[in-house]
Visitor: 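Please see the structure below; I have some questions.
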Amino acid sequence: MMRVQTPQSAEELLMRARALAGLSLADIAEQFELSVPRNLRREKGWQGQLIERALGASSGSLAQADFPDIGVELKTLPIDQHGLPTESTWVCIANLMPTHAERWQDSLVYEKLKRVLWLPVQDDDNIPLAERRIGSALLWQPDAQQMQRLEQDFLELTERIALGEVESISAHHGQALQLRPKAANRKVLTDARGPDGTIIKTLPRGFYLRRSFTISVIQQHLL
DNA sequence: TCCTGATCATGG
DNA sequence: CCATGATCAGGA
């Protein structure tokens, strides 16, 4: 089984990612002797995990960036026929039992989003999964305005969690970041702060980047 | 058509 | 069990 060494710098990672441009998912899967599923319905993370292997990501399911030594998070980005992202982007699990107000720059959300390697992958029902191609990778750091937007959303959402109001937060909140369920199913429950200092059981939640936000990120780099 | 809430597989 | 990789699918 082929194994890719972890890149030593963001520049090396970007070069390797750019070298994948134009390849199909079947091309990459073949290098690892993996078969391509017919669709992603039962293996939603398949593409992301394939690309992690192809680029030598090391973190597995640890709660840290994919390339902790060089401070880069890897995200595949499903792209439609117009070149626009089709889905929101998973960031990380949310702590629903905070013991104190967390500072933005100490947060896992910040750690993951301070530098992201976006790897576009065709997402078009008319193209069989195996034939979908990789686009040109983009190494992105939020600009001042984007960072401010992310921080404000993060602080507003986490403050409500800390106040015991998680169950009143819907995916409608937040301009760039949103809080949504993140679980195998509706029956999964975890501890959260509730009203008046109580502890309640609720669905685990995670932070996601809105589709509209990643669209603006991609379009910014087309200019 | 788009978005929110729900869901699927895997590894440690 | 929890966090990772995400996409699915129905309702607005």
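Lettering follows sequence order; numbering is per chain, from 1. Atoms considered below: every heavy atom in the structure, side chains included; atoms not considered: hydrogens, waters and symmetry mates.
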Visitor: Can you tell me the distance, in whole Å, between the CZ atom of A:Arg211 and the P atom of B:dT4?
Guide: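 A:Arg211 atom CZ is separated from B:dT4 atom P by 11 Å.
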
Visitor: Under 3.5 Å, is there a donor-acceptor pair linking the side chains of A:Trp140 and A:Gln146?
Guide: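 Their side chains do contain a donor-acceptor pair, which is all the 3.5 Å distance test asks for.
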
Visitor: Separation of A:Leu50 atom CG from B:dT10 atom P, in whole Å?
Guide: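 From A:Leu50 CG to B:dT10 P: 14 Å.
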
Visitor: Using the rule given for side chain to side chain contact (heavy atoms under 4.5 Å, CB included), can you reason through A:Leu50 versus A:Leu25, listing the C-alpha separation, both sets of side-chain angles and the distance that settles it, and then say yes or no?
Guide: CA-CA 8 Å; A:Leu50 178 70; A:Leu25 292 174; 4.2 Å; yes

Visitor: Going by the ring pair (Phe, Tyr, Trp, His ring centres under 6.0 Å) test, which pairs reach into residues 92-114 of chain A, not counting sequence neighbours?
Guide: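 Matches after skipping sequence neighbours: A:Trp104-A:Tyr110, A:Trp104-A:Phe154.
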
Visitor: Between A:Arg210 and A:Leu177, does the side chain to side chain contact (heavy atoms under 4.5 Å, CB included) criterion hold? Intermediate values first, please.
Guide: CA-CA 6 Å; A:Arg210 287 190 178 281; A:Leu177 270 182; over 6 Å; no

Visitor: After noting the C-alpha distance and the side-chain angles of A:Ser136 and A:Arg18, does the key distance pass the side-chain hydrogen bond (donor to acceptor under 3.5 Å, both in side chains) rule?
Guide: CA-CA 6 Å; A:Ser136 184; A:Arg18 289 261 167 88; 3.2 Å; yes

Visitor: Does anything in residues 79-92 of chain A pair up under side chain to side chain donor-acceptor pair (under 3.5 Å), and if so which pairs, sequence neighbours excluded?
Guide: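 Applying side chain to side chain donor-acceptor pair (under 3.5 Å) to every pair that reaches into residues 79-92 of chain A, excluding sequence neighbours, yields A:Thr86-A:Asp123, A:Ser88-A:Arg180.
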
Visitor: Nearest-Å distance, CZ (A:Phe207) to C1' (B:dG5)?
Guide: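 Checked: the CZ to C1' distance equals 17 Å.
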
Visitor: Strictly by ring pair (Phe, Tyr, Trp, His ring centres under 6.0 Å), give each pair with a member in residues 176-201 of chain A just once, sequence neighbours left out.
Guide: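 Ring pair (Phe, Tyr, Trp, His ring centres under 6.0 Å) check on residues 176-201 of chain A returns no pairs.
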
Visitor: Between the protein and nucleotides 10-12 of chain C, are there any N/O to N/O pairs under 3.5 Å, and if so, what are the atom names and distances?
Guide:
none

Visitor: Considering just the side-chain nitrogens and oxygens of A:Arg210, establish if one lies under 4.0 Å of OP1 or OP2 belonging to B:dT4.
Guide: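 Yes.
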
Visitor: Does the protein touch nucleotides 2-9 of chain C at the base, only the backbone, or not at all? Give it as B, S and - per nucleotide, heavy atoms under 4.0 Å.
Guide: -BBBBBBS

Visitor: Expressed in angstrom and rounded to an integer, what is the separation of A:Ile215 atom CD1 from B:dT1 atom P?
Guide: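 Computing the A:Ile215:CD1 to B:dT1:P distance gives 14 Å.
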
Visitor: Connecting only ILVMFWY residues whose side-chain heavy atoms lie within less than 4.5 Å of each other, what is the rest of A:Ile199's hydrophobic cluster?
Guide: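 A:Met97, all in the cluster of A:Ile199.
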
Visitor: Starting at the 5' end of DNA chain B, which residue's closest nucleotide do you reach first, A:Lys187 or A:His172?
Guide: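 In this pair, the answer is A:His172.
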
